[in-house]
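To start, the structure under review is shown below, and the notes come after it.
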Amino acid sequence: QLQASGGGLVQAGGSLRLSCAASGRTLSSYALGWFRQAPGKEREFVANINWSGDSTSYADSVKGRFTISRDNAKNTMYLQLNSLKPEDTAVYYCAASLTRWGHLEYEYDYWGQGTLVTVSS
């Protein structure tokens, strides 16, 4: 089970750090990703990180502002959100993949329940 947390209400330009903790699973066995779904829109890829944490990729819309990381010893993944914009408002989901390190939803085997980030202008 994956548990996402850390969402909240923040003003534009502010920062948040999201966490994704695993229970009953060893996260080091998985490539990990963050996706988000804004109101009225489809869920979209945000960032991912490979099994060892030495490779990451980002959606163009967040590149340079968001940073994905993982701490396998703590069985936790993070997403640091800086320079937030109102268009970053969404429910953010963490996901884990046993075999793929991709940008597509179907490549992920397990999903967290989501945490809401609201950015006010």
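Every heavy atom of this structure was used, including side-chain atoms; hydrogens, water molecules and symmetry mates were not.
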For residues Leu32 and Leu27, determine if any side-chain heavy atom of one lies less than 4.5 Å from a side-chain heavy atom of the other. yes
Main chain of Lys74, side chain of Thr76: is a donor-acceptor contact present, judged purely on distance under 3.5 Å? yes
Let me check something: do Phe35 and Leu18 share a hydrophobic cluster, defined by ILVMFWY side-chain heavy atoms less than 4.5 Å apart, either directly or through other members? no
CG-OG distance between Asp71 and Ser19, expressed to the nearest 0.5 angstrom: 10.5 Å
Test of understanding: clusters of I, L, V, M, F, W, Y form through side-chain heavy atoms closer than 4.5 Å, transitively. Do Ile49 and Leu98 belong to the same one? yes
Could you give the distance from CZ (Arg70) to SG (Cys20), rounded to the nearest 0.5 Å? 10.0 Å
Quick one: are Val91 and Thr115 in side-chain contact, heavy atoms under 4.5 Å? no
Result block: side-chain N/O donor-acceptor pairs under 3.5 angstrom for residues 2-15, not counting sequence neighbours:
{"from": "Ser15", "atom 1": "OG", "to": "Asn82", "atom 2": "OD1", "distance (Å)": "2.9"}

Below 4.5 Å, heavy atoms only, C-beta onward: do Thr67 and Tyr78 meet side chain to side chain? no
Less than 4.0 angstrom from a charged side-chain N to a carboxylate O is my criterion; do Asp109 and Arg100 meet it? no
Do Gln80 and Ser69 touch side chain to side chain, with heavy atoms closer than 4.5 Å? no
Hey, is the main chain of Gln37 close enough, under 3.5 Å, to the side chain of Tyr93 for a donor-acceptor pair? no
Does any part of the side chain of Val46, heavy atoms only, come nearer than 4.5 Å to the side chain of Phe66, both counted from C-beta? yes
Thr89 side-chain N/O to Val119 backbone N/O, donor-acceptor pair under 3.5 Å: yes
Give the C-alpha distance, both sets of side-chain angles, the deciding distance and a yes or no for side-chain contact (heavy atoms from CB on, under 4.5 Å) between Leu81 and Arg65. CA-CA 6 Å; Leu81 289 66; Arg65 300 188 298 120; over 6 Å; no
For Gln1, is the CD atom crowded, meaning more than 12 foreign heavy atoms sit under 6.0 Å from it? no
Hydrophobic cluster membership, Trp51 vs Leu79, 4.5 Å side-chain cutoff: no
Out of curiosity, Ser23 OG to Asn75 CG, how far, rounded to the nearest 0.5 Å? 8.5 Å
Nearest 0.5 Å, what's the OG-CG distance between Ser121 and Leu84? 13.0 Å
Main chain of Asp54, side chain of Asn50: is a donor-acceptor contact present, judged purely on distance under 3.5 Å? yes
Check ion pair Asp88-Lys85 (N to O, under 4.0 angstrom): no
Which pairs, with at least one residue in residues 40-49 and sequence neighbours excluded, count as a side chain to side chain donor-acceptor pair (under 3.5 Å)? Arg36-Glu44, Arg43-Glu105, Asn48-Ser57, Asn48-Trp101
Would a line drawn from the ring center of Trp34 to the ring center of Phe45 be shorter than 6.0 Å? no
Tell me if the centroids of the rings in Tyr108 and Tyr30 come within less than 6.0 Å of each other. no
